[in-house]
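What you see below is based on every heavy atom in this structure, not just the backbone, and it leaves out hydrogens, waters and symmetry mates. Just so it is clear, the structure is predicted and the values come from calculations on it, not from any experiment. Along the sequence shown, residues are numbered consecutively beginning with 1.
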Amino acid sequence: GYQAGRLMQLAFQEKAKGFHGLWHFSYNTRGDFFIDPRGPTGANAWCLNALYSYALARGDASVIAWANRAVEEFLFHQQVMDPQDPRCGLIRAGLYNADDVKNENSMGYRVYEGDLNRPYEHVILEHCIDSAGTLRLAFRATQKHLPQREGFLKELVRRHDLLMQGTRRHFWQGDHFISAADPAGRPYTGTDGLPSVAVDNNTWAAYVFLPYDLELARAAARYIEGHFLVQVPPAHVEDALHQP
């Protein structure tokens with residue numbers, strides 16, 4: 001409960017300083033003033049996941065109500081809703097301080113100066129999948145403890161459906177997921193010139209798709225096994241302890 005309260009208090013402090021996101025990516029807890037100037041959607045989604053999980057375990061409706069406002073005010077605004085946009089349904093990567101990122105020597109020390117709410121326009125599979133988990137937890141928690149919020153529940157379902165459809169349409173390529181796309185919806189490419197692929201994207205995204213498409217999840221797992229699994233002989237232990 002204490003940690004949930006501190007997390008929400010930190011978001012209050014950010015808002016009071018003019019940040020339109022929820023939390024920045026990282027904070028220095030050793031006494032100086034460094035704050036990461038990026039506020040990624042995925043990292044914020046995991047913080048909301050933690051709050052919803054706590055509230056579900058404890059039945060704390062006040063935390064759920066606060067988290068729901070955060071979803072409405074931040075997460076909903078990161079979702080591309082224009083049906084003419086190739087990114088439609090997907091979640092943009094968050095906010096950042098454009099001025100602070102440019103100045104490497106003072107990165108994170110001028111985080112509340114200049115353009116502190118520049119939106120990222122590219123889309124990253126990891127952030128989309130993180131956000132899908134948040135929408136699901138928000139639905140579970142609200143349905144259980146604040147069922148009178150019928151409009152919000154319907155909006156969660158609508159946006160979750162759009163997100164899952166967009167994720168499959170945009171990131172699934174035959175037998176695996178690609179990683180990210182630029183603001184025009186063009187996939188980022190790796191050193192081989194092909195759309196970039198990440199192991200964690202194909203494992204985590206496969207897990208999130210399990211209730212919807214088992215074969216897709218299996219295909220992603222097989223792709224990882226075929227392309228990234230490495231087997232080596234067991235290492236010889238030189239200094240093993242000897243039993244008396």
Side-chain angles (χ1 to χ4, degrees), residues 1-31 34-36 38-79 89-95 111 117 124-164 167 200-201 203-212 217:
Y2 173 78
Q3 290 180 330
R6 290 298 299 139
L7 191 59
M8 291 187 291
Q9 182 60 39
L10 181 57
F12 281 129
Q13 293 170 355
E14 290 273 25
K15 187 174 183 179
K17 291 179 178 178
F19 184 50
H20 295 166
L22 296 171
W23 302 276
H24 280 93
F25 191 45
S26 61
Y27 302 85
N28 194 333
T29 59
R30 294 188 174 184
F34 176 86
I35 296 176
D36 194 308
R38 300 166 296 170
T41 304
N44 280 278
W46 276 108
C47 290
L48 289 171
N49 292 350
L51 290 176
Y52 278 122
S53 297
Y54 162 77
L56 277 165
R58 296 295 182 90
D60 191 337
S62 65
V63 172
I64 297 170
W66 186 92
N68 286 353
R69 287 195 298 274
V71 166
E72 290 177 301
E73 294 175 4
F74 173 72
L75 194 56
F76 282 1
H77 287 282
Q78 303 312 308
Q79 189 168 19
L90 300 177
I91 303 288
R92 289 172 296 203
L95 304 174
V111 70
N117 290 298
I124 300 175
L125 173 60
E126 181 181 351
H127 296 218
C128 293
I129 294 300
D130 295 343
S131 299
T134 303
L135 297 177
R136 294 179 190 185
L137 281 169
F139 184 89
R140 285 178 54 202
T142 304
Q143 186 180 53
K144 184 175 181 179
H145 296 288
L146 296 171
Q148 66 274 20
R149 291 215 58 194
E150 295 179 1
F152 180 66
L153 288 167
K154 290 179 181 178
E155 187 66 6
L156 287 171
V157 172
R158 183 175 81 94
R159 287 177 176 269
H160 178 269
D161 287 347
L162 286 172
L163 175 55
M164 297 299 288
T167 298
D200 58 346
N201 287 168
T203 52
W204 176 225
Y207 173 79
V208 172
F209 269 89
L210 272 176
Y212 300 92

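- Of all the heavy atoms in Gly39 and Phe19, the pair that sits closest is CA-CZ, 4.2 Å.
- Here the straight-line distance linking atom CZ of Arg92 with atom OG of Ser131 works out to 12.0 Å at 0.5 Å rounding.
- Of the possible polar contacts, one joining the Trp23 side chain to the Leu7 backbone as a donor-acceptor pair under 3.5 Å is found.
- Residue Arg140 places its CZ atom among 12 or fewer non-hydrogen atoms of other residues, nucleotides or ligands, all under 6.0 Å distant.
- From Phe25, atom CZ reaches atom CG of Asn44 across 10.0 Å, with rounding to the nearest 0.5 Å.
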Begin from the C-alpha positions of Val208 and Met164 and carry the test side-chain contact (heavy atoms from CB on, under 4.5 Å) through to its verdict. CA-CA 9 Å; Val208 172; Met164 297 299 288; 4.1 Å; yes
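- Distance alone, capped at 3.5 Å, is enough to place a donor-acceptor pair between the Gln79 side chain and the Gly89 backbone.
- The backbone N or O of His127 lies less than 3.5 Å from no partner atom in the side chain of Thr41, so there is not a single donor-acceptor pair.
- No donor-acceptor pair closer than 3.5 Å links the side chain of Glu126 to the backbone N or O of Gly42.
- In this structure, NE2 on His24 lies 10.0 Å from CG on Leu10, to the nearest 0.5 angstrom.
- A ring pair (Phe, Tyr, Trp, His ring centres under 6.0 Å) check over residues 129-163, counting only residues at least two apart or in different chains, returns the pairs His160-Tyr212.
- Taking each heavy atom of Gly21 and Asn117 in turn, the nearest pair found is N-OD1, 4.2 Å.
- Remark: Cys47 SG to Leu22 CG distance equals 8.0 Å, nearest 0.5 Å.
- Heavy atoms of other residues, nucleotides or ligands lying less than 6.0 angstrom from OH of Tyr54 number more than 12.
- A salt bridge links Arg158 with Glu155; the closest basic N to acidic carboxylate O contact falls under 4.0 Å.
- Pairing each heavy atom of Leu163 with each of Cys128, the nearest pair is CD2-O, 3.4 Å.
- Atom CG in Leu95 sits 13.0 Å away from atom CZ in Arg38 (nearest 0.5 Å).
- Within a 6.0 Å sphere centred on CD of Gln3, other residues, nucleotides and ligands contribute 12 heavy atoms or fewer.
- Here CG of Asp130 is found 9.0 Å from CG of Leu125. Values are rounded to the nearest 0.5 Å.
- Within the 4.5 Å cutoff, the side chain of Arg136 has heavy atoms near those of the Pro211 side chain.
- Partner Leu48 forms a side-chain contact (heavy atoms from CB on, under 4.5 Å) with one of Leu137, Leu135, Val71 and no other, that one being Val71.
- Pairing each heavy atom of Leu210 with each of Ala217, the nearest pair is CD2-CB, 3.7 Å.
- The local environment of CD in Glu150 is sparse, with at most 12 non-hydrogen atoms from other residues, nucleotides or ligands closer than 6.0 Å.
- Within the 3.5 Å criterion, the main-chain N or O of Asn68 finds a donor-acceptor partner in the side chain of Tyr52.
- Minimum interatomic distance between Lys15 and Glu73 (heavy atoms only, all atoms of both residues): NZ-OE1, 3.9 Å.
- A search for ring pair (Phe, Tyr, Trp, His ring centres under 6.0 Å) contacts involving Tyr27 returns nothing, not counting sequence neighbours.
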